[in-house]
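What's counted below: heavy atoms across the whole structure, side chains too, no hydrogens, waters or symmetry copies. Counting begins at 1 with the first residue of the sequence. When a ligand or atom number is given, it counts from 1 through the structure's own listing order.
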Amino acid sequence: MAATAINLQPYASLNDDDCDNRIIKAKQALGKRVVILGHHYQRDEVFKHADFSGDSLKLSREAANSDAEYIVFCGVHFMAEVADIISRPEQISIIPDLSAGCAMADMADLDQVERAWAELSSVLDADECITPVTYINSAADLKAFCGSHGGIVCTSTNAQKILDWSFAQREKVLFFPDQHLGRNTGVKMGIPLEQMVIWDYDQPMGGLEPEQIRQAKMILWKGFCSVHQVFEPGQIENFRREVPKGKVISHPEASYEVCQLSDYVGSTEYIIRTVTDSEPGSHWLVGTELNLVNRLHQTLAKDDKIVQFMSPMVCMCSTMFRIDPQHLAWVLENLVEGHVVNQVSVAEEVANNARIALQRMFDN
Ligand code: 13P
Ligand code: SF4
């Protein structure tokens with residue numbers, strides 16, 4: 001065993017093939033002590049090493065069910081935090097690159113949410129009237145906020161079920177950080193657009209009048225995912241003209257207009273399942289991250305399917321992309337040498353309250 005952790009620097013000059021061999025060797029040496037979880041947006045060179053792949057919900061379940069000593073999360077930071085919160089205390093959650101955050105998750109922080117809650121409380125009794133719901137794409141302390149205010153976590157897979165639960169608790173929902181998932185799910189549940197207001201966290205009282213807050217059923221945080229913002233209705237209209245029999249499928253982080261024009265809307269796992277199960281020869285336009293779409297296209301070419309990215313612009317999740325084979329080889333070889341690098345560890349009090357909100361989600 002090396003006395004100190006192995007330095008990252010020399011890995012930068014390794015090519016992907018070298019990394020491949022070293023990752024495979026390190027995984028073999030670690031055996032069942034390690035599990036690698038890979039989100040669908042990961043690049044192929046990393047994704048192929050995952051023991052389990054999935055959307056946020058599926059991967060959080062894999063993390064909870066894992067017996068491995070080390071959970072190496074190839075995804076973004078909030079996912080590794082969830083793994084730490086719901087795994088056993090002796091398990092260690094690791095992200096190959098600590099700078100792999102989620103830009104949308106960063107659009108809401110605890111100070112802003114606490115201020116929003118205080119301002120809402122000046123209009124109505126927030127703890128009586130509002131269920132706070134955080135998308136899993138959020139920091140652990142926001143999940144903890146929800147846990148300690150009777151709220152809950154949702155993912156893109158279960159958002160409707162979670163909102164049903166939330167409205168059964170209290171008459172209104174404060175939904176953060178993604179306005180689009182909130183709005184698209186609310187619309188699906190029959191909530192009129194007029195009853196969904198935007199909370200602009202840069203403005204006093206979210207930029208709302210007290211009466212707008214009293215009338216609202218859903219208060220939507222003004223957050224968004226820039227990857228899913230590149231999809232536009234015109235892209236779907238062009239596709240429909242060019243491929244009249246084609247199908248359109250989008251992630252609910254895309255805008256209301258894009259989701260309304262899509263034939264199907266759902267999580268990354270749902271998108272993969274729906275396109276995979278479709279008729280041979282079908283042609284799809286897909287509104288989600290590019291790595292997933294390209295991989296689906298390559299995998300399904302054998303069935304003569306065409307799987308096309310919705311935007312003419314090349315747009316990947318740049319933070320997911322920070323996880324590369326060099327970082328993965330580095331964390332695994334350190335584990336072989338008995339060193340944990342890039343551990344993601346959530347403070348106990350925060351983790352306890354966040355676990356309450358996550359558990360409410362798992363119970364639904
Ligand atoms: P999924 O849970 O659908 O994989 O979505 C996570 C995400 O970050 C999408 O941008
Ligand atoms: Fe976050 Fe968007 Fe990347 Fe998903 S695609 S991890 S929401 S920045």
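Proximity of Met310 to Val230: side-chain heavy atoms (C-beta onward) are nowhere separated by under 4.5 Å.
In this structure, Met104 counts as a contact residue of ligand 2, since one of its heavy atoms falls inside 4.0 Å of the ligand.
Put simply, Cys317 gets within reach of atom 3 (Fe) of ligand 2, with an N, O or S atom under 2.8 Å from it. Counting backbone and side-chain atoms alike, Cys225 contributes no N/O/S atom closer than 2.8 Å to atom 1 (Fe) of ligand 2.
At the top of the distance list for atom 1 (Fe) of ligand 2, counting protein heavy atoms only, stands Cys102 SG, 2.3 Å.
Look at Arg170 and Glu128 and you find no salt bridge, because none of the NZ, NE, NH1 or NH2 atoms lies under 4.0 Å from a carboxylate O. With respect to Lys48 and Asp20, a salt bridge is recorded, a charged nitrogen being found less than 4.0 Å from a carboxylate O. Remark: Glu237 does not engage Arg240 in a salt bridge, criterion side-chain N to carboxylate O under 4.0 Å. Residues Asp67 and Lys32 are not paired through a salt bridge, judged by the lack of any N-O separation under 4.0 Å between the basic side chain and the carboxylate. The pair Asp263-Lys247 fails the salt-bridge criterion, with no side-chain N (NZ, NE, NH1 or NH2) lying under 4.0 Å from an Asp/Glu carboxylate O.
Classified by interplanar angle (parallel below 30°, tilted 30° to 60°, perpendicular above 60°), the ring pair Phe231/His228 is perpendicular.
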* To do: Evaluate the criterion side-chain hydrogen bond (donor to acceptor under 3.5 Å, both in side chains) for residue pair Asn291 and His40; output intermediate values, then yes/no.
  => CA-CA 8 Å; Asn291 278 295; His40 292 304; over 6 Å; no
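Both tests pass for Arg43 against the ring of Phe321: distance under 6.0 Å to the centre and angle within 45° of the axis.
Contacts with ligand 2 closer than 4.0 Å are made by side-chain heavy atoms of Glu253 only, the backbone lying farther away. When non-hydrogen atoms are compared, ligand 2 lies under 4.0 Å from neither the backbone nor the side chain of Asp178.
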Need the list: ligand 1 N/O atoms against protein N/O atoms, distance under 3.5 Å, rounded to one decimal.
residue, atom, partner, partner atom, Å
ligand 1, 2 (O), Ser56, N, 3.0
ligand 1, 2 (O), Ser56, OG, 2.8
ligand 1, 2 (O), Ser156, OG, 3.3
ligand 1, 3 (O), Ser156, OG, 2.7
ligand 1, 3 (O), His251, NE2, 2.8
ligand 1, 3 (O), Thr268, N, 3.0
ligand 1, 3 (O), Thr268, OG1, 3.4
ligand 1, 4 (O), His39, NE2, 2.6
ligand 1, 4 (O), Thr268, OG1, 2.6
ligand 1, 5 (O), His251, NE2, 3.3
ligand 1, 8 (O), Asn137, ND2, 3.0
ligand 1, 10 (O), Tyr41, OH, 3.4
ligand 1, 10 (O), Glu253, OE1, 2.8
ligand 1, 10 (O), Glu253, OE2, 3.1

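Close approach to Ala103 involves these atoms of ligand 2, each under 4.0 Å from a residue heavy atom: 8 (S).
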